[in-house]
**Q** 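Below are the structure tokens for one structure; questions will follow.
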Amino acid sequence: MSTNTAGKFEQMNSHTTNNDELIAIELEIVEIDDQINRLRHQRSCLIKRKQQLKVTIEQYQPRTTGNGNEHWQRTDFPWNSKIDEMRTEIFKIDSFRPWQLETINVTLSSHDCILIMPTGGGKSLCYQLPAVISEGITIVVSPLLSLVEDQMYALRKLNIDARSLNTSTPRNEQTEILQILDGRNSSVSTLKILYLTPEKISKNKSIMAKLQKLYETNRFSRLIIDEVHCVSQFGHDFRPDYKYLSIFKRQFPKIPILGLTATATLKVIDDIRNILKIPHCVLFRAPFNRKNLFYEVYHKSSVGKNTLKDLVNCIQNQFDKQSGIVYCLSQKDVEDVCFELQQNNIKAGCYHAGLSATARTQIHEKWLESKVHVICATIAFGMGIDKPDVRFVIHHSISKSIENFYQESGRAGRDDQQSHCILFFRFTDVFRLAPMAFADKSGNGLQNLYSMISYCLNESQCRRKLISKYFDEVWQSNDCNQMCDICRRSSTSITQRNCREEALILIACLNENKKERLTAIKLIEKLSIKTMVKLDLQRLILQLIVEQYLKEDFHFTSYATTCYLKPGPRAEYIKNEKCQILLDIVENAKRPTLTTNKKRAKQIVDKKPSTTTVTEDRPKLQMVTNTEPVVRPIRRKRRILEYEDDEDDDGNDAKNIPILKKANTSSNDNMDAF
Ligand SMILES: Nc1ncnc2c1ncn2[C@@H]1O[C@H](COP(=O)(O)OP(=O)(O)OP(=O)(O)O)[C@@H](O)[C@H]1O
């Protein structure tokens, strides 16, 4: 070998060695990055667990107060015989549900308290009963007038003097209420509960002055904050006006605060305590598990017409003539679904923010009286729905968060009878919702949506377990009692597959088409991955987004927002052979479809769990003759639910109720109150 050739050979050799070393270093860096990520994740899990343990300790060991160790479940407080008497005589309730007595004891002991209890659990009694036996007036901050009206209606039936100060309060009644707060008329007043909206308090300074008077004259019993999760911007319904309530503890230090909500994660609870300045409040958290609710996720057809057919079949086969709600993503969807149900002789009505308040009230009332069986609604049909016999809640599209889903589906089965929470899940719905999640004021919209996507993609873990994890609850494996599709299904139909190869192809395709930009649908069209059926490929894309191997790339125009895909922050790691992308794969033949509904309905009834009440004789399938005229709902221009500013002076606050306004966008695919 000549020296020249040998030199070249050496050079090539060293070039190869350098290249090899470079690749090895790059891989090592990727591995280190991944370890850092894993450690960060582990750290945040540990912090979360630490908080969880702190909360659990607080929850189960009543805190030491100035009065010594008090056990809130005791029945020898001075007021216990009185509350028992009022419970049976006025409220006609035989016994307390879990955490009701404890909460009442805490608030009557003048301690601050937060009660987290599932929807329908009986939170109202926890302040209404103390209000009745207390000397002064209980102020209740509640976010929605419809909610307040329902509560007042129920209280009046019990002969309890409850009033509300809002736009629809007649002028003379407003004056009378303000005089009572002022101390005038107070000797003859029987007023026990006064409902206010957060807007009323934050924007109407004179109200605070009246409350000051109430406080100074020792007639301010306690402050109740209903839907207290609205205080926190980490919660799913953040309302800026709720933040103003932080002033209460400073202004009225002796007044006990009781916050009520159906859902709050540990982060939200911490935030609420900080904002309301009640760090030492007693926290009660009733188990989130509603044993009578059967959770299931159905694959939703990519063809709209088929989805509607499936929905009709589902309602006719499983829930004939029974009360239910179908939640839809947009007003247009609500109207389309409602029309289809009506066409199939199902008594259905629409509810969304594009309808007049009168139309909404009318349909709500008809549904309460069971003259209409199914309400098709956006999430505008929300808080305060107190119909006991709702047998099903169907989500026609994915919810924006687990909290929303839990609360919306929780409107089923308030009477403790078995009821169903069904979610129709489809790939493309995620990309309709993602731009709105991205634009969500809280900044957590996408993260919330990802939790919801994971819930839907899951094919191997109990649905309740996932919900409990989300709410930081300790989960016992037999708590579900086969009341979800996953626990009911045979585990042999599921395999977990490492889809790293397919994921690499997806990422490479995005890198090759950077200029063109690809939406998720376009990406699938470009590829021909033979190792996977389309449905699983769609699921893989969603999982890669959730796990940050892929990322959305939002492009906004004045008419629409397009969600493209690009490689995500973890995309590089996928090159490492150690990386695993595990996807649950269901054998297609065993994937639940809606065409088998009739059989499934029978299976569910036949295989009823031991601890839940089940309606033995499910009505047989028969067509309903609809007495209501079948009218194609008129499509309205896009409208959104908005709140106007409140006035500053007594009375004329014609602005604190939700009013409907035309939005300045032409799209009619309107999502209510997102
Ligand atoms: N101890 C009890 N025994 C029997 N029924 C009860 C008891 N407590 C409350 N209820 C009833 O349960 C129903 C639901 O109560 P409530 O409206 O207070 O629920 P909630 O927790 O406020 O629900 P939401 O979060 O949906 O507002 C009501 O009809 C109420 O009368």
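Counting starts at 1 for both ligands and their atoms, in listed order. Side chains are part of it too, since the values below use all heavy atoms of this structure and drop only hydrogens, waters and symmetry mates.
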**Q** For ligand 1, is any non-hydrogen atom under 4.0 Å from Arg414's backbone (N, CA, C, O), its side chain (CB onward), both, or neither?
**A**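 Side chain only.
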**Q** Can you name the one residue among Ile224, Leu165, Leu214, Ile193 that meets side-chain contact (heavy atoms from CB on, under 4.5 Å) with Ile139?
**A**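 Considering Ile224, Leu165, Leu214, Ile193, a side-chain contact (heavy atoms from CB on, under 4.5 Å) with Ile139 is found only for Leu214.
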**Q** Can you find a non-hydrogen atom of Gln100 under 4.0 Å from ligand 1?
**A**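 Contact present.
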**Q** Side chains of Tyr327 and Arg411: do they bring a donor and an acceptor to under 3.5 Å?
**A**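 Their side chains do contain a donor-acceptor pair, which is all the 3.5 Å distance test asks for.
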**Q** I need the atoms of ligand 1 closer than 4.0 Å to a non-hydrogen atom of Ser124, numbered in the order shown.
**A**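 Checking each atom against Ser124, I get 16 (P), 17 (O), 18 (O), 22 (O).
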**Q** Between Ser110 and Arg222, is there a side-chain donor-acceptor contact under 3.5 Å, judged purely by atom types and distance?
**A**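 No, Ser110 and Arg222 have no side-chain donor paired with an acceptor closer than 3.5 Å.
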**Q** Test of understanding: given a 4.0 Å heavy-atom threshold, classify the contact between Ile93 and ligand 1 as side chain, backbone, both, or neither.
**A**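 Side chain only.
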**Q** Counting heavy atoms only, which of Gln151, Arg97, Gln128 comes nearest to atom 10 (N) of ligand 1?
**A**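 It is Arg97 that holds the nearest heavy atom.
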**Q** Which one of Lys387, Arg411, Lys123, Gln407 has a non-hydrogen atom at the shortest distance from atom 20 (P) of ligand 1?
**A**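 Heavy atom nearest to atom 20 (P) of ligand 1 belongs to Lys123.
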**Q** Answer yes or no: does an N/O atom from Glu227 fall short of 3.5 Å to an N/O atom of ligand 1?
**A**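 So ligand 1 has no N or O lying under 3.5 Å from an N or O of Glu227.
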**Q** Counting only nitrogen or oxygen atoms and a 3.5 angstrom limit, does Gly122 reach ligand 1?
**A**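 Yes - when backbone and side-chain N and O of Gly122 are compared with those of ligand 1, one distance drops under 3.5 Å.
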**Q** Which of the listed options, Asp94, Asp226, Thr119, holds the heavy atom that is closest to atom 26 (O) of ligand 1?
**A**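 The residue whose heavy atom sits nearest atom 26 (O) of ligand 1 is Thr119.
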**Q** Non-hydrogen atoms of Ser95 versus ligand 1: any pair closer than 4.0 Å?
**A**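 The answer is yes, since Ser95 has a heavy atom less than 4.0 Å from ligand 1.
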**Q** Report yes or no: is the cationic atom of Arg463 (NZ for Lys, CZ for Arg) under 6.0 Å from the centre of the six-membered ring of Tyr455, at an angle within 45° of the ring normal?
**A**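 Ring-cation test returns yes.
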**Q** Is it true that Glu408 and Ser399 share a donor-acceptor pair across their side chains at a distance under 3.5 Å?
**A**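 Indeed, the side chains of Ser399 and Glu408 share at least one donor-acceptor pair under 3.5 Å.
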**Q** May I ask you to check whether Ser419 and Arg391 show a side-chain donor-acceptor distance below 3.5 Å?
**A**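 There is such a pair between these side chains.
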**Q** Has Arg156 got its NZ or CZ under 6.0 Å from the middle of the six-membered ring of Tyr153, at an angle within 45 degrees of the ring axis?
**A**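 Judged by the rule (NZ or CZ under 6.0 Å from the ring centre, within 45° of its axis), Arg156 is not positioned above Tyr153.
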